[in-house]
Protein chains: 2
Amino acid sequence: MPPRERDTARTRRTVLDAAARTVAKQGAGVSLDVIAREAGVSKSGLLHHFRSRDQLLLALAQDQVDTFAAEVRAAVDPADHAAGRLVRAYVKAIFDSLGDDTAISEHLLLSAALSTVPGVAEILQRDARQWEAAFTSDGLHPDRVLIITKAADGASLATLYEGGSNPAALERTRELLLSMTRGEGSFTG
Amino acid sequence: MPPRERDTARTRRTVLDAAARTVAKQGAGVSLDVIAREAGVSKSGLLHHFRSRDQLLLALAQDQVDTFAAEVRAAVDPADHAAGRLVRAYVKAIFDSLGDDTAISEHLLLSAALSTVPGVAEILQRDARQWEAAFTSDGLHPDRVLIITKAADGASLATLYEGGSNPAALERTRELLLSMTRGEGSFTG
DNA sequence: ATTAGCCGACCATCTGGTCGGTAGTACAGA
DNA sequence: TCTGTACTACCGACCAGATGGTCGGCTAAT
């Protein structure tokens, strides 16, 4: 095989995707063997790219964080220049990722992997701080941001509690949260 | 040793508590040996009370769900007869459990254990349905309940993301959510 | 000739779980 | 009250299988 970067990068990607899938399905306890098989490489091949199990899960955590950030960026409506555009994108990104077949969101995936792997907590904390900072310049009242984003996070948890996601309820929650980003969310019920 | 129920019940409790602690710390992948040592019994002793690892984790899940329900019940203010009293208790119970030293809330603990253990999902789903049912007769607008409870759930996730809980931020979130249960939460910022 | 991606074989260790045994209690009968 | 029997909480030793990780080697592109 060529030592070209392309192949290395591609294999790493394949392994990372396989890891994400298997961890989401079977929890953070999955064996390297299973991940390797899912990725279509040997365990040795996997270990050639990630020197240990911990390094793989660490890379996975970072990758998930980066992927989610990219999804939020992609979800920003270019025509939207009103206050709360980033929060809106955040909500959309979360619910979009909830919609597809992956039953457990990446938030849960990470939380499961956390306790075992040493460096993951730091990655998550840094990420959380960055989101908080980004939201402060989004033009919405801090309390409103707090409620909306926490509720969105909680909704991702709900797919776990409530089992096979209830699409109608998810849609309702999503629209409710989006309306709150537009200042309409002052329910007096 | 006496075959008295007292001792059996006490040992089971000890093991369950030890399991909760170790799972919260090291994830659902903890070995029976570690749990047994934490509980001060031998692995065989543990297996005498819980016939398999899955049964232990299943019992743990059910116990956590029951414990939380009891905490909510205890958090209901007897003098409070206004609409939303149950939601208020729910919020209080979550934030109270977040406050103590156990860094990871039982919600997270369960989610981590879920993917591996077969029966846990059903337990969580049944529990979620019961809460939903209970909330419908609490006198608050469904949308309001949805937002508040999901935000409370999300806040428990946040202790994970944000690492060692930020007491001030938690307190602010808690008060914000409580005020929303009283209908004051119509922020127009 | 060198280098890098990848593999199969292998190993020490740990895993959940079984098995046979011990000790202490409760209770029956004398 | 003493004795024997049944029962139960609990333990140590053990096992088969799985696990993370190492090592030497093969192949192909540079």
Side-chain angles (χ1 to χ4, degrees), chain A residues 1-23 25-61 63 112-120, chain B residues 1-23 25-61 63 112-120:
Chain A
M1 295 289 188
R4 298 179 60 191
E5 274 183 42
R6 281 290 168 76
D7 289 329
T8 291
R10 202 195 308 165
T11 305
R12 276 184 66 101
R13 189 95 294 277
T14 306
V15 170
L16 242 23
D17 289 344
R21 257 176 281 136
T22 54
V23 169
K25 250 181 287 182
Q26 310 191 32
V30 249
S31 69
L32 295 184
D33 219 41
V34 169
I35 299 177
R37 210 169 308 142
E38 171 86 16
V41 298
S42 70
K43 196 173 67 174
S44 312
L46 187 158
L47 283 165
H48 174 72
H49 290 283
F50 303 93
R51 275 190 277 205
S52 73
R53 190 191 143 81
D54 279 6
Q55 276 208 13
L56 168 61
L57 293 182
L58 214 62
L60 175 61
D63 183 60
L114 175 136
S115 11
T116 321
V117 186
V120 173
Chain B
M1 295 287 190
R4 297 180 62 191
E5 276 183 40
R6 281 289 166 75
D7 290 329
T8 292
R10 202 195 307 162
T11 305
R12 274 184 66 103
R13 188 95 297 278
T14 305
V15 171
L16 242 22
D17 290 344
R21 258 176 280 135
T22 52
V23 169
K25 248 182 288 182
Q26 309 190 32
V30 249
S31 68
L32 294 185
D33 218 41
V34 170
I35 298 176
R37 210 169 308 145
E38 171 86 15
V41 297
S42 69
K43 196 173 66 173
S44 311
L46 186 157
L47 283 166
H48 173 72
H49 290 283
F50 302 94
R51 275 190 276 207
S52 72
R53 183 172 199 279
D54 279 6
Q55 276 207 12
L56 169 61
L57 294 182
L58 215 60
L60 175 61
D63 183 60
L114 174 135
S115 10
T116 321
V117 186
V120 174

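Fair warning: this is a prediction, and the values are worked out from it, not measured in the lab. Chain naming here is simple, since letters A, B, ... match the order of the sequence lines and numbering starts at 1 in each.
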Length of the [atom1]-[atom2] vector between [X] and [N], whole Å:
X       : N      : atom1 : atom2 : value
A:Gln55 : D:dG21 : CD    : P     : 10 Å
B:Gln26 : C:dC14 : CD    : P     : 14 Å
B:Arg10 : D:dC10 : CZ    : P     : 10 Å
A:Leu47 : D:dT22 : CG    : C1'   : 9 Å
B:Asp33 : C:dC14 : CG    : C1'   : 9 Å
A:Leu32 : D:dT22 : CG    : P     : 11 Å
A:Leu46 : D:dT19 : CG    : C1'   : 14 Å
B:Asp7  : C:dA26 : CG    : C1'   : 14 Å

| field | A:Arg13 and A:Asp17 ion-paired at < 4.0 Å | value |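 Judged by the 4.0 Å cut-off on N to carboxylate O distance, A:Arg13 and A:Asp17 do form a salt bridge.
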Looking at [N], I'd like to know if its phosphate oxygens (OP1 or OP2) sit under 4.0 Å from a side-chain N or O belonging to [X].
X       : N      : result
A:His49 : C:dA4  : no
B:His48 : D:dC10 : no
A:Ser42 : C:dC7  : yes
B:Ser52 : C:dG16 : no
B:Ser31 : C:dT15 : yes

In Å, rounded to the nearest 0.5 Å, how long is the span from [atom1] of [X] to [atom2] of [Y]?
X       : Y       : atom1 : atom2 : value
B:Thr11 : B:His49 : OG1   : NE2   : 4.5 Å
B:Glu38 : B:Gln26 : CD    : CD    : 9.0 Å
B:Leu32 : B:Ser42 : CG    : OG    : 11.5 Å

| field | Per B:Ser44 side chain, nearest of listed nucleotides D:dT22, D:dA9, D:dC11 | value | D:dC11
| task | Measure from the side-chain heavy atoms of B:Lys43 and tell me the nearest of C:dG17, C:dG5, D:dA9. | result |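 That would be C:dG17.
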| task | Between A:Arg51 and A:Val34, just flag the one whose closest nucleotide in DNA chain D comes earlier from the 5' side. | result |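 So the residue in question is A:Val34.
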| At their closest point, which heavy atom of B:Gln55 faces which heavy atom of B:Phe50, and how far apart are they? |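 Heavy-atom minimum between the residues: O-CD2, 4.4 Å.
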